[in-house]
2 protein chains.
Amino acid sequence: MEKIDIPKRTVYRLSLYQRCLQKFLEQSVDTVSSDDLASAAGVKSTQLRKDLGYVGQFGTRGLGYSVETLSAAISGVMGLSMLQPVVLIGVGNLGAALIRYGGFRKEGFEIIAAFDAEPSNVKGPTEEMGVPVHHVSSLGDYVAEHAVRVGIVAVPESAGQEVTNILVESGIQAILNFSPAVLNVPEAVVVNHVDLAAELGSLGFFVN
Amino acid sequence: MEKIDIPKRTVYRLSLYQRCLQKFLEQSVDTVSSDDLASAAGVKSTQLRKDLGYVGQFGTRGLGYSVETLSAAISGVMGLSMLQPVVLIGVGNLGAALIRYGGFRKEGFEIIAAFDAEPSNVKGPTEEMGVPVHHVSSLGDYVAEHAVRVGIVAVPESAGQEVTNILVESGIQAILNFSPAVLNVPEAVVVNHVDLAAELGSLGFFVN
DNA sequence: GAACAATTGAGAGAAATTTCGCAATTCATC
DNA sequence: GATGAATTGCGAAATTTCTCTCAATTGTTC
Ligand SMILES: NC(=O)c1ccc[n+]([C@@H]2O[C@H](COP(=O)([O-])OP(=O)(O)OC[C@H]3O[C@@H](n4cnc5c(N)ncnc54)[C@H](O)[C@@H]3O)[C@@H](O)[C@H]2O)c1
Ligand SMILES: NC(=O)c1ccc[n+]([C@@H]2O[C@H](COP(=O)([O-])OP(=O)(O)OC[C@H]3O[C@@H](n4cnc5c(N)ncnc54)[C@H](O)[C@@H]3O)[C@@H](O)[C@H]2O)c1
C-alpha cells in the first residue's frame, strides 16, 4: 500500500492534468501529446513528462498519450476511481459557497454532510443541494461511522484547531483548510492550507 | 521603483508574517523573536529570518524584532501602506462569499466594485456590504477610470480569459484567479491562481 | 565591566524542483 | 523495408528553495 513517493507539487499538477484530460475526453479527443496537455494545464511539456514519469509509462513515442488510458492511470494514483465522501465544517459565507458549487463531483469528491456550531442559522445549502447540515457536536461520530477520510475546514480561525482535533481523532486523513489558522496535526494527516487572505495580500507586492 | 527580487514563496510568507504581526500588535506584544513569529506563521525560524533578509535588517540580536517596526517594514515592501482598491468579477457562489467576507480590509484590500454578466440576478452583496454590482460591460472603463490595480476573477472557466483581457487592457497589474482557466497575460501582469478543485483533488492522493 | 544567555544575519551546504538534451521508439510514406 | 518526422522517457545539469551553522551583537546579571 506504500504510495510511490511523489513531490507535492507534482501531485497537485496531476490533479490539473486529470481535469484537462477529462475535458479532452468530453471533446472526444483520444490522443494528446505532452505539448497539448501541458499547454492546456499551463505548464511546460518537459514538466508534464517528468511528472508523469513518477506515475509510470503511458505514452507511445511519436504519438503521444491515449487520453483514456492516461486519465485512468492518474485516477488510479490519485485515488479518484470512486467518489470520495467529504465533510465540511463551517457553513458560513465560504462554506455555503463550496456546498453550492456542483463541480467537485466531477473531480471525484462529494460533500456528503456539513457541520456548524449554529445549524439553525443555516438555511440555503441544505435544501438546495441536499447536503444536510448537522450540529458540530455530532461531527466526530459521523466521521468515524462513515469512515470519512477528507474534511474541509471553513470555520473562523479561532475554531480551526478545535474542529481539526475532532476530525483527527475520528480518523480523518486529509484536510483542506480555508481558515487562517495553522493547524497542528499528526504526521499521517495531510493538510492543504488555502489562505485566501494571504493570496490576495501577496499581490500587493507586485502592483505599482 | 524596481522592486527587489524576492522569491514568490517569500512574498507569500511575508503576507503571513504581516497578519501574525497584526495579531501580536492587537495583543500589545511589542517584541517578538524569530521563533515566536515563525511558529505563529507555521514556518521554521530559519526560514523566517531568511525571508526577512530579502527585505532588510530589522531585528536586534539578543532581543528580536519590534512588532511595530517590522510590521511597518513589511507593509512598505508589500505596498500595504494604504488600502488597495480591488474589483471582483463574477458574483456567483464564490464571488458573493468573497464580497461578504469582511476580513480583506484588515489585510489592506477593499473590494470597491463587483461586475457580473447578469447583475440583476445578484441581490445580497450589494445591500449587505455596500459593494455595487455593475454590468460587466462597464468593467473596462471602471478599472481605467479608478486606476484599479488588482482584480479578482470568479467567473466560470469559459469567461475567464475574456474578462482577463478586459482587465489587462484597462491597466490591471495583478489578478487573483479562482476559475480553473489558465489565464494568458502579459509578463508585467501577475496572476495568482487559486484552484480549489485542484487543491481538493490533490488530497485524493494522500488518503488511504 | 566581565561573563553569560539570547538571538539575529548571512554564507555555506543540502535538498527539492525544474529544465535541458538526446537516445529510443513509433508511425507514416515512399 | 529504409527514411523521416514526431514524440516519449529519462539521466544530467541548472536553478530555486530550504536548512544548518556559527560568528556577531545586544541586554542582563553579578
Ligand atoms: N469568505 C471569504 O471570502 C474568506 C476569505 C478569506 C478567508 N476566509 C476564512 O474562511 C473561514 C470561513 O470564512 P467565512 O467568511 O465563511 O466565515 P463565516 O463567519 O461566514 O462562517 C463561519 C461559520 O463557522 C461556524 N462556526 C463557528 N465556530 C464553529 C465551530 N466551533 N464548529 C463549527 N462551526 C463553527 C459559524 O457558525 C459560521 O457559520 C474563516 O476562517 C475565514 O477567515 C474566508
Ligand atoms: N464556488 C466554489 O466553491 C468553487 C469551487 C471551485 C472552483 N470554483 C470556480 O470559481 C468560479 C466561480 O464559481 P461560482 O461557484 O461562484 O460560479 P457561479 O456560476 O455561481 O458564478 C459565476 C458568476 O459569473 C457570472 N458570469 C458569467 N460570465 C460572466 C462574464 N463574462 N462576465 C462577468 N460575469 C460573468 C455569472 O453571472 C455568475 O454570477 C468558477 O470558475 C468555478 O469553477 C468555484
Side-chain angles (χ1 to χ4, degrees), chain A residues 3-17 20-21 24 29-71 73-74 77 182 190 193 198 202 205, chain B residues 3-17 20-21 24 29-71 73-74 77 182 190 193 198 202 205:
Chain A
K3 289 267 177 185
I4 329 138
D5 185 45
I6 303 184
K8 253 200 153 187
R9 293 290 197 79
T10 293
V11 170
Y12 176 86
R13 283 189 300 264
L14 286 173
S15 186
L16 296 182
Y17 304 152
C20 295
L21 287 168
F24 280 124
V29 178
D30 44 69
T31 304
V32 287
S33 69
S34 57
D35 255 333
D36 296 341
L37 184 52
S39 71
V43 302
K44 301 210 167 144
S45 64
T46 52
Q47 175 85 84
L48 168 69
R49 292 203 298 276
K50 165 88 21 180
D51 285 339
L52 295 182
Y54 288 107
V55 178
Q57 289 185 207
F58 307 104
T60 51
R61 298 175 179 200
L63 238 198
Y65 302 87
S66 150
V67 173
E68 205 171 325
T69 306
L70 185 54
S71 168
I74 296 181
V77 174
V182 175
V190 177
H193 194 175
S202 65
F205 177 76
Chain B
K3 292 270 177 184
I4 329 138
D5 185 47
I6 302 185
K8 252 201 155 186
R9 295 290 198 78
T10 293
V11 170
Y12 177 84
R13 284 189 298 263
L14 286 173
S15 186
L16 296 183
Y17 304 152
C20 294
L21 287 167
F24 281 123
V29 178
D30 43 69
T31 304
V32 288
S33 69
S34 58
D35 255 333
D36 296 340
L37 184 52
S39 68
V43 303
K44 300 210 168 144
S45 64
T46 50
Q47 175 84 82
L48 168 69
R49 291 203 299 276
K50 165 85 31 177
D51 285 339
L52 295 182
Y54 288 106
V55 177
Q57 289 184 207
F58 307 105
T60 52
R61 299 178 177 198
L63 237 199
Y65 302 87
S66 149
V67 172
E68 205 172 326
T69 307
L70 185 54
S71 168
I74 295 181
V77 174
V182 175
V190 177
H193 192 174
S202 65
F205 177 76

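Worth knowing before you read on, the calculation uses all heavy atoms, side chains too, and leaves out hydrogens, waters and symmetry mates. Throughout, protein chains are lettered first and strands after them, A, B, ... in sequence-line order, and every chain is numbered starting at 1.
Not counting sequence neighbours, the partners of B/Ala73 by the side-chain contact (heavy atoms from CB on, under 4.5 Å) test are B/Phe58. Under the side-chain hydrogen bond (donor to acceptor under 3.5 Å, both in side chains) criterion, A/Tyr17 pairs with A/Asp51, sequence neighbours left out. Every side-chain hydrogen bond (donor to acceptor under 3.5 Å, both in side chains) that A/Thr69 has, sequence neighbours left out, goes to A/Ser66. The side-chain hydrogen bond (donor to acceptor under 3.5 Å, both in side chains) search around A/Ser202 returns B/Asn192, not counting sequence neighbours. With sequence neighbours left out, the side-chain contact (heavy atoms from CB on, under 4.5 Å) criterion links A/Asp30 to no other residue. By the side-chain contact (heavy atoms from CB on, under 4.5 Å) test, B/Ala40 is found to be paired with B/Cys20, B/Phe24, residues two or more places apart in sequence or in another chain being considered. Legend: residues meeting side-chain contact (heavy atoms from CB on, under 4.5 Å) with B/Arg61, ordered by chain and number and at least two apart, are absent. Annotation: salt bridge (charged side-chain N to carboxylate O under 4.0 Å, His left out) contacts of B/Arg49 (sequence neighbours excluded): none.
Spacing between atom CG of B/Leu52 and atom P of C/dT7 amounts to 16 Å, rounded to whole angstrom units. Protein atom OH of A/Tyr65 is 11 Å distant from nucleotide atom P of D/dT7, rounded to whole Å. Between A/Arg49 atom CZ and C/dG21 atom P the separation is 13 Å, expressed in whole Å. At whole-Å resolution of the value, CZ in B/Phe58 and P in C/dG9 are 9 Å apart.
Within 4.0 Å (heavy atoms only), B/Gly64 reaches sugar-phosphate atoms of the nucleic acid but no base atom. Within 4.0 Å of B/Gly59, counting heavy atoms only, lie sugar-phosphate atoms of the nucleic acid but no base atom.
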Worksheet entry | Residues B/Tyr65, B/Leu21; criterion side-chain contact (heavy atoms from CB on, under 4.5 Å); working and verdict | CA-CA 10 Å; B/Tyr65 302 87; B/Leu21 287 167; over 6 Å; no
Worksheet entry | Sequence-aligned protein contact record of nucleotides 25-30 of chain C, with B where the base is within under 4.0 Å of a protein heavy atom and S where only the sugar-phosphate is | BB----
Worksheet item: In the 5'-to-3' direction, what one-character label does each nucleotide of nucleotides 12-19 of chain C receive under the scheme B = base within less than 4.0 Å of a protein heavy atom, S = sugar-phosphate only, - = no such atom?
Response: B----SSB
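A/Asp35 has its side chain out of reach of A/Leu48: every pair of non-hydrogen atoms, C-beta onward, lies at least 4.5 Å apart.
Within residues 33-42 of chain A, the residues having any heavy atom under 4.0 Å from DNA chain D are, by residue number, A/Ser33, A/Ser34.
Applying the salt bridge (Lys or Arg N to Asp or Glu O under 4.0 Å) test to pairs two or more places apart or on separate chains, none has a residue in residues 38-48 of chain A.
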